[in-house]
Every structure is written in structure tokens, then in C-alpha cells.
Amino acid sequence: MIRLTVTSVFVDDQSRALDFYTGVLGFVPKNDIPLGGDDRWLTVVSPAALDGVELLLEPSSHPAVGPYKAALVEDGIPAASFGVDDLAAEYERLTSLGVRFVQPPTDMGPVIVATLDDTCGNLIQLAQMAVG
């Protein structure tokens with residue numbers, strides 16, 4: 001059986017990403033292992049699943065990453081999607097913290113989504129399964 005254990009987003013600055021993903025989005029640090037130079041194996045997890053899937057805040061140093069990230073942002077494509085129980089409440093909480101949304105909560109039928117700028121070069125989608 002195959003399991004999802006780690007997924008990643010490329011970030012422009014790992015320290016700034018750690019601050020945003022923990023201090024703003026509410027994730028919890030899991031691993032912070034130096035890899036040489038300024039790069040780290042830096043992961044966060046949901047406080048609801050401390051032993052769950054880790055999100056690797058991966059350095060954007062590979063030459064292909066910049067054009068890839070820029071193309072996704074230009075086309076409005078999120079680099080990742082995170083589930084929330086109450087999107088309206090999260091939207092209010094995050095906007096009060098100064099988070100910039102490029103798409104407000106939008107009803108897409110079976111799901112309600114909103115897309116934010118993670119300040120590290122990515123768009124991130126928040127999604128709530130519609131009640132029905």
C-alpha cells in the first residue's frame with residue numbers, strides 16, 4: 001500500500017515561509033534539518049494530525065523552479081490546496097491578519113474555494129466541502 005507522507009511547495013525564503021505557514025496559517029513545525037548552505041529540510045504539519053502528511057517548504061533554488069512558479073501564479077493556478085472546515089471564518093481570520101486573497105470564497109458546487117498569496121511565490125487554495 002502506498003501512502004502520502006510528504007508533499008512540498010517551493011518557497012522563495014524558507015524562514016519567511018516558516019513564519020507564514022506557522023504564524024499565519026497555523027501549521028506546526030515538524031522537521032528542521034540543515035542541508036548545507038542556507039537550505040533546510042523544513043516541514044510543517046497540521047495541528048490536527050501531528051503524525052500526518054508533512055508539507056516540505058522546499059527551497060526554490062533549482063533554475064526550473066522560478067519559471068514554473070511564475071507561470072502558475074500568472075495563470076492563477078494554486079501550488080497546493082488545503083482543507084478547512086469553515087472557509088468563511090478562515091477567510092475573515094486571514095484577511096484580518098493582512099493575507100492577500102486573489103480569489104475570495106467562491107461556491108464551485110461540491111466545494112467552496114478561496115485562493116491566497118503565501119508571500120513566498122505561491123498561490124494556495126483553501127477548500128471546504130459544501131454541506132449538502
Side-chain angles (χ1 to χ4, degrees):
M1 173 175 60
I2 298 174
R3 294 185 320 274
L4 183 61
T5 57
V6 178
T7 189
S8 64
V9 291
F10 290 108
V11 297
D12 298 338
D13 179 302
Q14 286 185 298
S15 294
R16 187 171 71 236
L18 182 61
D19 289 344
F20 183 82
Y21 281 80
T22 59
V24 177
L25 294 184
F27 288 100
V28 177
K30 179 76 174 192
N31 290 293
D32 190 348
I33 302 165
L35 296 177
D38 292 331
D39 293 344
R40 299 143 62 185
W41 179 264
L42 182 60
T43 66
V44 296
V45 294
S46 167
L50 296 176
D51 292 321
V53 176
E54 296 178 43
L55 177 66
L56 173 61
L57 304 175
E58 190 160 358
S60 293
S61 54
H62 189 281
V65 174
Y68 166 76
K69 284 174 52 176
L72 289 180
V73 170
E74 184 175 324
D75 289 344
I77 299 171
S81 181
F82 305 139
V84 297
D85 293 328
D86 184 342
L87 184 55
E90 279 300 311
Y91 179 79
E92 292 302 318
R93 181 183 77 80
L94 293 170
T95 54
S96 75
L97 293 173
V99 173
R100 184 177 74 84
F101 279 81
V102 299
Q103 177 190 23
T106 304
D107 188 333
M108 305 292 278
V111 66
I112 304 166
V113 298
T115 305
L116 61 89
D117 178 340
D118 78 348
T119 74
C120 300
N122 302 292
L123 298 179
I124 301 295
Q125 183 179 74
L126 301 181
Q128 172 191 334
M129 295 304 294
V131 177

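Quick caveat: nothing in here was measured; it's all calculated off a predicted structure. Counting from 1, the numbers follow the sequence of the chain as shown.
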| request: Please round to the nearest 0.5 Å and tell me the distance separating atom CD1 of Ile112 and atom OG1 of Thr106. | output: 9.5 Å
| Non-hydrogen side-chain atoms of Asp51 and Lys30 separated by less than 4.5 Å | yes
| Taking only residues two or more places apart in sequence or in another chain, which ones pass ring pair (Phe, Tyr, Trp, His ring centres under 6.0 Å) with Phe20? | none
| query | Of all heavy-atom pairs between Ala80 and Val9, which one has the smallest distance, and what is that distance? | reply | CB-CG1, 3.8 Å
| Is it true that Val84 and Val24 fall in one hydrophobic cluster, defined by side-chain heavy atoms closer than 4.5 Å? | yes
| query | Just wondering, do Lys69 and Asn122 contact through their side chains at under 4.5 Å, heavy atoms? | reply | yes
| query | When hydrophobic residues are tied together by side-chain contacts of less than 4.5 Å, even through go-betweens, does Val45 share a cluster with Ile124? | reply | no
| What are the two closest non-hydrogen atoms of Gln14 and Arg40, and how far apart are they? | NE2-O, 2.8 Å
| Taking atom CD1 of Ile77 and atom CD of Gln125, what is their separation to the nearest 0.5 Å? | 11.5 Å
| request: Would you mind reporting whether Pro78 and Thr115 have side-chain heavy atoms less than 4.5 Å apart? | output: yes
| field | ILVMFWY cluster, Leu50 and Val6 together (side-chain gap under 4.5 Å) | value | no
| request: Write down the atom of Leu25, the atom of Arg93, and the distance for their closest heavy-atom approach. | output: O-NH2, 3.5 Å
| task | Taking all non-hydrogen atoms of both residues into account, name the closest pair between Val73 and Gly121 and its distance. | result | CG2-O, 3.5 Å
| query | Does CG belonging to Asp32 count more than 12 external heavy atoms closer than 6.0 Å? | reply | yes
| task | Nearest 0.5 Å please: distance from the OG atom of Ser15 over to the CG atom of Leu42. | result | 7.5 Å
| note | Closest non-hydrogen contact found for Glu58 with Ser8 is OE1-OG, 3.2 Å
| message | Are the side chains of Leu116 and Leu126 in contact, using a 4.5 Å heavy-atom criterion? | response | yes
| task | Would you kindly confirm whether Val11 and Leu56 end up in one hydrophobic cluster when ILVMFWY residues are joined by side chain heavy atoms under 4.5 Å apart? | result | no
| Is there a side-chain contact between Asn31 and Glu54 (heavy atoms, below 4.5 Å)? | yes
| query | Distance-only, no hydrogens or angles: does the Asp107 side chain make a donor-acceptor pair with backbone N or O of Gly109 under 3.5 Å? | reply | yes
| field | For the student: nearest non-hydrogen atoms of Val44 and Thr22, plus distance | value | CG1-CG2, 4.0 Å
| query | Does the side chain of Ser61 come within less than 4.5 Å of Asp39's, by heavy atoms? | reply | yes
| query | So do the side chains of Phe10 and Pro59 get within less than 4.5 Å of each other, counting heavy atoms only? | reply | no
| message | Could you check whether any side-chain heavy atom of Leu57 comes within less than 4.5 Å of a side-chain heavy atom of Leu55, counting everything from C-beta outward? | response | yes
| said: Can you classify the ring geometry of Phe27 versus Tyr21 as parallel (below 30°), tilted (30 to 60°) or perpendicular (above 60°)? | reply: tilted
